[in-house]
Structures are given as structure tokens and as C-alpha cells.
Amino acid sequence: MTTLNTAQKEAVLHGDGPSLVLAGAGSGKTRVIVERIAHLVADQGVDQRNILALTFTNKAAEEMRTRVAARLGVEKIGCWLGTFHSFGLYILRREIDKLGRPKAFTIFDDADQLSLMKKLIKDAGNQAANISPRDALSWVSRQKQDVAEPDLGPQSIPLENAYRLLWQKYHAALERAGGVDFDDLLVLTARLFEQHPEVRQRYADRYRYVMIDEYQDTNRAQYLLARHLSSVHANIFVVGDEDQSIYSWRGATIRNILDFEQDFPNARVFRLEQNYRSMEPILKAANAVVARNKSRLGKTLWSSHPGGDPVRLYDAADAEAEARFVADDIVEKKLSPGQVAVLFRTNGQVRLVEESLRRKGLAYVVIGGVRFYGRKEIKDVLAYLRLLVNPADDVSLRRVLNVPARGIGATSQDTLEAYALQRQQTLLDVMREVDLDQSLTGRARHAILDFVHLIDDLSLMAKTEPVATVLDALLERTKYREFVQQADEKDYRTRLEMVDEFQAACAQYDAKGGGGLLAFLQELSLLSDVDQWDPSMPAVTLMTCHSAKGLEFDHVYLLGLEEGLLPHASALESEDEIEEERRLCYVAMTRARKSLTLCAARSRMTYGGGPADRQISRFVGEVPRDQLQLVGTANLGGRQAQPAADRVTSSGGIKLGTRVWHAQFGKGTVMYTSGSGAKLRAKIRFESGRSRDFMVAMTPLKVLDGEKKR
DNA sequence: GAGCGAAACGAGGAT
DNA sequence: CGTTTCGCTC
């Protein structure tokens with residue numbers, strides 16, 4: 001693609017006012033945004049500082065920055081170009097005090113949220129009995145993404161009441177700890193603009209042009225931000241593809257893109273339907289799949305690259321054979337590893353692929369899964385550092401109070417917690433006054449004061465010294481390395497290497513000019529897995545379909561095209577969720593430039609249990625047969641996907657998606673099965689929100705017929 | 001309070 | 001199956 005096509009040109013050159021670009025997969029939407037910015041700056045004389053462009057990932061932002069800089073012939077661009085979340089952080093750093101919150105706030109990641117919620121559930125006792133922290137968190141997160149307020153109105157549903165109570169407690173605890181979570185970065189920013197018109201006016205005035213990428217994945221908070229920011233100039237330029245909306249579980253609402261023309265009157269709509277990425281058979285196959293969806297605006301992509309190999313289907317005996325096939329095929333076809341991606345629905349699928357690639361001596365990188373910043377030793381160190389900049393952060397304090405063990409055990413901790421609750425003080429403040437309290441042993445009080453001194457000394461240091469210096473002192477004084485070495489004799493080398501790597505990251509941050517410990521910690525929390533990935537590495541890329549969005553590869557292997565995996569088991573009940581799975585499948589397929597290979601296994605080990613029989617995905621059946629080439633032992637006879645209701649199994653009707661009734665737990669849905677016959681096990685999610693695992697033969701379950709939806 | 005083995009729990013996608 | 005919590009002993 002050297003010059004812009006007519007549709008792209010129109011989108012780039014159009015005049016002021018709101019506009020919606022419906023950009024199909026591979027239609028050059030990034031390029032359109034880049035060219036539009038270049039056009040505004042170079043041709044219209046717009047000051048770069050008056051342009052704001054928002055993306056969903058740092059990776060996308062980084063690529064856009066590079067391309068805009070190249071296009072304008074400058075080293076560094078002056079536009080504000082970054083992710084929604086980093087924009088929220090940018091605003092809150094300056095303005096959060098207007099919401100009555102401290103400027104030195106820290107960002108709580110999902111592990112922090114989980115540990116906080118666990119504690120709140122425990123403290124709430126009977127009021128929140130039997131609620132899983134994860135369920136509570138996702139409920140709270142959903143409320144926040146919809147920008148609701150945690151008031152405790154009269155509620156008829158007891159479960160909802162408990163959730164509401166936890167929401168209120170969570171909200172209060174987070175605020176007291178001087179923390180914000182991921183949702184808050186957007187929600188608080190939206191609220192700030194809502195409640196402080198003068199602030200909104202200032203930013204809306206500055207950003208004459210607002211551009212938003214992946215608009216189909218915006219949630220309500222992001223939508224409100226878009227409205228606020230374009231409330232003065234109304235030059236809002238959004239780019240999206242309703243067929244690639246795959247984040248509804250994160251609060252994204254497809255309505256935002258479907259309703260754009262109503263929301264922003266006089267909007268112009270542009271359609272980009274020429275695909276520059278994929279060879280024709282790949283695009284035809286992907287189009288055929290997504291065309292089954294009902295909620296679409298409707299686009300028909302056509303390929304710039306006619307000819308090309310048909311899409312292949314490998315129908316493996318089991319998941320090991322599937323993984324082996326991928327490695328063998330890469331070797332046999334002499335594919336250059338850097339041009340290959342292996343995509344899958346769940347992170348759990350990655351292990352087998354890693355093994356088979358390793359056996360063949362193929363280099364690979366795994367994106368996601370166990371994140372560097374999710375590692376225990378890194379989280380410990382981060383918790384210390386966060387406590388240094390935010391002494392009110394009780395969540396971090398709890399994590400490190402006795403790590404490494406320093407004689408402050410459960411009894412002492414409970415005593416401190418009780419005092420903190422009673423006096424409405426932070427844990428650290430309570431600990432400062434511990435000498436006044438005689439109910440703790442002298443030894444415990446001594447240990448507690450030592451800890452307070454440690455934090456005080458290092459906090460002072462953090463005010464002036466570079467991050468790496470503070471970290472060195474921290475590791476030294478806590479004897480953290482010795483602790484790691486002692487605690488895990490088997491794996492300590494790897495763990496120490498992780499600590500080394502983190503030290504290097506700190507030093508690098510300092511060397512780049514840094515911004516102090518607080519800024520370092522805030523920015524770290526916004527890093528994503530894909531951000532670390534270097535596409536020029538000569539290695540096969542392994543990642544989930546979700547992570548692959550926005551990327552492209554010459555050769556793509558899409559694994560696990562089975563009912564229960566893609567579409568995922570948890571989506572089988574609802575037509576809307578099936579449609580999202582279908583879009584996910586479409587996103588994955590359209591990552592491929594030259595070749596696409598679909599794989600499925602007839603049998604796959606499930607968690608703990610034995611192998612389970614698998615049905616091939618309905619999405620495979622949606623690809624026209626003449627577009628599909630069967631390879632290996634592939635044989636679709638009798639395995640073609642059938643409508644879910646007609647499928648039969650040998651397990652007495654207990655299978656994926658079956659609606660059942662249990663005397664104790666009520667109605668539920670089978671999420672997974674494993675084993676067979678007398679050893680058949682089934683995981684069932686009940687309408688109460690709880691999930692449980694059963695030996696089917698031992699459990700009084702009734703199969704409910706004729707029920708499709710709850 | 002620390003350390004260890006046993007039991008229980010939970011497994012979708014991630015800024 | 002892998003990880004976290006529990007419960008017992010020292």
C-alpha cells in the first residue's frame with residue numbers, strides 16, 4: 001500500500017465535525033489516523049499540542065507515535081498520544097485533589113484488589129457469607145465501568161445487597177488507602193470532568209481534535225470522556241469495527257459505535273472495506289464466519305491480494321498431537337519463526353505448544369500468562385516501594401509486614417488490625433504508637449517499631465534519591481535476597497534473576513530521566529504484556545486471541561477450535577456471548593497475511609480429570625467447505641459441528657451447556673466435563689453465581705429440558 | 001511465631 | 001493440575 005485509496009483519502013481529508021470511520025480488519029485504520037494527524041498539522045497548521053489521540057494499548061500508541069513522527073519528519077511528536085488509562089493518569093496526577101483525594105495516589109492491580117476484597121468479605125462475616133472475592137470484584141467492576149455510585153439503596157435481592165455492601169466497603173477502603181484501581185483511572189476522570197466544569201472546559205478547549213482508536217471497545221466511562229473532551233470543538237474522530245468488539249466482559253459496550261450517529265449529530269461516516277493484509281481465501285473464510293452474527297452494521301471486506309493458499313484444517317487426535325503438528329509444520333514448511341503466531345483462546349493451552357516447539361528447537365516467546373510483574377518476588381518488592389510513597393496503603397503493608405519473617409505473626413497482625421479499625425487509623429500509624437499498648441509482647445513491639453523505622457528511613461530516601469538507589473537500600477535492609485535463597489532452594493536462581501531484572505528496569509528508568517518513585521510505580525501498573533514484545537525477534541509468538549488484536553503475522557495457527565474452547569464454555573448459554581466468541585474467532589483469523597491453519601483436538605485433558613471428548617467448533621462449520629483444505633488425518637465425517645441442541649453424548653445428557661437442577665444449589669449450567677462413565681465429573685455454575693465440581697454419578701442432578709436461557 | 005504436610009480451592013479473556 | 005489455606009507440631 002503506497003498511496004491512499006479513495007475511501008481512506010476522504011476520511012483523512014474531511015473537514016471539521018464528528019466522524020466515524022468504520023474500518024474493517026486490515027484496512028489500514030492506523031494509517032488513516034496517522035495521515036489525519038499529519039494532514040491537520042502539516043496542511044491545516046494545527047498546533048500538535050491541540051491534538052489528542054487515544055488508544056487501548058501502549059503498543060498501538062507507540063506504533064502511532066513512531067509513524068506520526070516519521071510522517072512529520074520530527075524526532076518527538078507534540079500531540080498527546082497514548083492509552084485511555086494513561087490519559088486518565090495524566091489528568092488525575094494534576095487534578096485529583098479537586099476530588100478530595102491525595103496527589104500521591106497509587107494504582108491497585110488485580111492482585112491487590114483481590115486481597116482487599118478477600119479481607120472485606122472475611123470482615124463482613126455473615127453479611128457476605130459464601131461470596132467469592134472474584135465474583136464480588138467483577139460485580140463491583142461492572143458497576144464502576146457503568147459509572148454508577150456505591151450508595152446503599154433499599155434492595156429486594158439479598159445477594160445484590162451483599163454485593164452492594166462490599167462495593168461500599170471496597171470503595172471506602174480504597175479511598176482510605178490512597179489508592180485507585182484500573183477502572184478509577186477512567187471513572188474518576190469522567191467524574192472530575194462532570195463535577196468540575198472549569199476543568200472540563202480547560203481540557204476540552206485545549207484539544208481541538210480528539211481521535212479515538214478501537215472505538216468499538218469503549219465502555220461507558222470512556223464514552224463519557226469522549227463526550228466531555230469534544231464538548232467545545234466537536235472534532236471527534238473515532239475509528240472502529242463492530243466485528244472486532246471482543247471486550248464486553250471488560251465493560252465495553254458495542255452500543256457506543258452503533259449509536260455514534262445519534263450521540264454526535266451531523267456525524268460523517270466513512271467505510272474502509274478494502275483489506276490490505278490477508279490473502280483472499282483467509283479473508284473469505286473469516287468473512288463467512290462473522291457474517292453469521294446478527295448485531296452488525298455490516299461491511300463486506302474485499303482483499304487486495306487475490307490467489308493464495310486455502311485455509312487449512314488439522315483435526316488432531318488429542319491436544320498433544322495438535323501441538324506437535326504445529327511444530328512439525330513450521331519446520332516442514334521452513335517458515336521463519338519470526339513470521340509465525342500461534343493463537344489460542346485460553347492461556348492454559350500454551351504449555352503443550354511450548355513443549356513441542358522446544359522439542360523441535362524452535363525459538364518462541366509467550367505473551368501474557370505469568371506476567372513479570374505478577375511474580376511473587378516482584379510483587380513483594382513493589383509492595384514495599386508503594387508503601388514508601390503512600391504510607392496509607394494498608395494492602396501493601398499487609399503483604400510485606402512479615403515478609404521476610406521478622407516476628408510479626410498472625411496474632412500481632414490481628415491486634416494491629418483491631419486497633420486500626422477502632423481508631424480509624426492506618427496500620428502504619430497504629431504501629432507507630434505500639435509502645436503505648438501493653439497487650440503485645442515486648443518482642444513483637446520491638447519488631448513492629450523496627451519495621452516502622454525501616455519504612456520511615458526509606459521513605460525519606462525516596463524523596464530525593466533515584467529509584468534504583470532506594471531499591472538497593474530496601475533489598476539490603478530487608479535481606480530480601482537471602483530470604484529468597486532460603487525460602488526456595490530449588491528455584492531461587494530464577495527468582496534472584498527476576499529481582500536483578502527489576503533492578504535493571506529501575507536503573508533504566510532513572511537513566512531515562514525518570515520522575516521519581518511515585519511516577520515510576522504509577523507508570524509500571526499501566527504496562528501490558530504485549531508492550532514488552534519485540535516483533536522483530538526471530539521467534540514464534542504464542543498468545544491469546546485477545547492479545548493478538550491489532551497485530552498481524554504472515555502465518556497464523558489458530559488452536560483449539562472446539563465447542564467449549566472457541567466458543568468458550570462460559571459463552572454457550574447466551575446468543576450475545578456466542579456472537580462475541582465469533583468476533584474473537586474473526587479477529588484471530590484476520591491476523592494472518594499469507595497462511596491460516598485452524599486446528600482442533602478430538603480429545604483434550606481437562607483440569608485434574610482425564611481426557612474429555614471434544615466437538616469441533618461450530619465456527620469451523622461456518623467456513624465454506626470449498627475454502628477449507630483438510631490436512632493430516634483430518635476427516636470431518638461425523639464431526640461437523642451441529643446445532644448445540646441436537647448433540648448427543650454418552651454421558652446421560654450431562655455435557656457442556658446442559659441445564660441442570662440440584663436439590664441444594666438450584667438451577668445451573670454445566671461448564672466443563674471430564675472423565676467418563678462412573679468417573680464423569682462436571683463443573684456446574686449455579687444461578688446464585690457459585691460454581692461447584694461434582695462426580696456426576698454421586699450427585700442428585702436433574703437434567704432440565706427445553707431451557708435455553710436463564 | 002515458624003515450618004511443614006494435608007486439604008481445599010479454583011481454573012476466561014486483561015488495560 | 002497448580003496454588004493457597006489450614007492445622008498440626010516444635
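Predicted model, so just to flag it, every value in this text is computed and none were measured.
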Novice: Is H568(A) stacked against the base of dG12(B), taking the criterion as centroid distance under 5.5 angstrom and interplanar angle under 30°?
Specialist: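 It does: the ring sits over the base of dG12(B).
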Novice: For dG1(B) and T411(A) - does any side-chain N or O of the residue sit under 4.0 Å from the phosphate oxygens OP1/OP2?
Specialist: yes
Novice: Should the side chain of Q349(A) and the base of dG12(B) be counted as holding a donor-acceptor pair, with the cut-off at 3.5 Å?
Specialist: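 Looking at the base of dG12(B), it does not pair with any donor or acceptor on the side chain of Q349(A) (distance under 3.5 Å).
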Novice: How would you list, by chain and number, every residue that makes a salt bridge (charged side-chain N to carboxylate O under 4.0 Å, His left out) with K379(A), sequence neighbours excluded?
Specialist: none
Novice: With respect to the side chain of R345(A), which nucleotide from dT15(B), dA2(B), dG12(B) is positioned closest?
Specialist: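 Per side-chain heavy atoms of R345(A), the pick is dG12(B).
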Novice: Does the side chain of S412(A) get closer than 4.0 angstrom to OP1 or OP2 of dG1(B) through an N or O atom?
Specialist: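 Yes, within the criterion.
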Novice: Which is true for Q222(A) with a 4.0 Å heavy-atom rule: it touches a base, it touches only sugar-phosphate, or it touches nothing?
Specialist: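 Counting heavy atoms under 4.0 Å across all strands, no contact is made by Q222(A).
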Novice: H546(A) has a side chain; which of dG12(B), dA14(B), dA2(B) sits nearest to it?
Specialist: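 Selected nucleotide (nearest to the side chain): dA14(B).
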Novice: Where do T189(A) and G88(A) come nearest, in terms of heavy atoms and distance?
Specialist: OG1-CA, 3.5 Å
Novice: Centres of the Y480(A) and F483(A) rings: under 6.0 Å?
Specialist: yes
Novice: If each of L526(A) and T441(A) is mapped to the nucleotide of DNA chain B with the nearest heavy atom, which maps nearer the 5' terminus, i.e. the 5' end?
Specialist: T441(A)
Novice: What contact category does D183(A) fall into here, base, sugar-phosphate, or nothing, at under 4.0 angstrom with non-hydrogen atoms?
Specialist: nothing
Novice: Measure from the side chain of R134(A), starting at C-beta and using heavy atoms only, and say which of dG12(B), dA11(B), dA14(B) lies closest.
Specialist: dA11(B)
Novice: Could you verify whether a donor N or O on one side chain and an acceptor N or O on the other, from Y223(A) and R227(A), lie under 3.5 Å apart?
Specialist: yes
Novice: Between F56(A) and I408(A), just flag the one whose closest nucleotide in DNA chain B comes earlier from the 5' side.
Specialist: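 Per heavy-atom nearest nucleotide, the more 5' residue is I408(A).
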Novice: Report yes if the ring of W249(A) lies under 5.5 Å from the six-membered base ring of dG12(B) with planes under 30°, and no otherwise.
Specialist: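 It does not: the two rings, one from W249(A) and one from dG12(B), miss the stacking criterion.
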Novice: Under 3.5 Å, which N/O atoms of the protein pair with N/O atoms of nucleotides 4-8 of chain C?
Specialist:
unit_1	atom_1	unit_2	atom_2	d
dT5(C)	OP1	K118(A)	NZ	3.4

Novice: What contact category does A410(A) fall into here, base, sugar-phosphate, or nothing, at under 4.0 angstrom with non-hydrogen atoms?
Specialist: sugar-phosphate
Novice: Parallel, tilted or perpendicular, judged at 30° and 60°: which one describes the rings of H85(A) and F182(A)?
Specialist: perpendicular
Novice: For dA11(B) and N347(A) - does any side-chain N or O of the residue sit under 4.0 Å from the phosphate oxygens OP1/OP2?
Specialist: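 Looking at the OP1 and OP2 atoms of dA11(B), neither is under 4.0 Å from any side-chain N or O of N347(A).
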Novice: Going by salt bridge (charged side-chain N to carboxylate O under 4.0 Å, His left out), name the residues that satisfy it together with E552(A), two or more places apart in sequence or in a different chain.
Specialist: R277(A), R593(A)
Novice: Could you check whether R386(A) makes a cation-pi contact with F108(A), meaning its NZ or CZ is under 6.0 Å from the centre of the six-membered ring and within 45° of the ring axis?
Specialist: yes
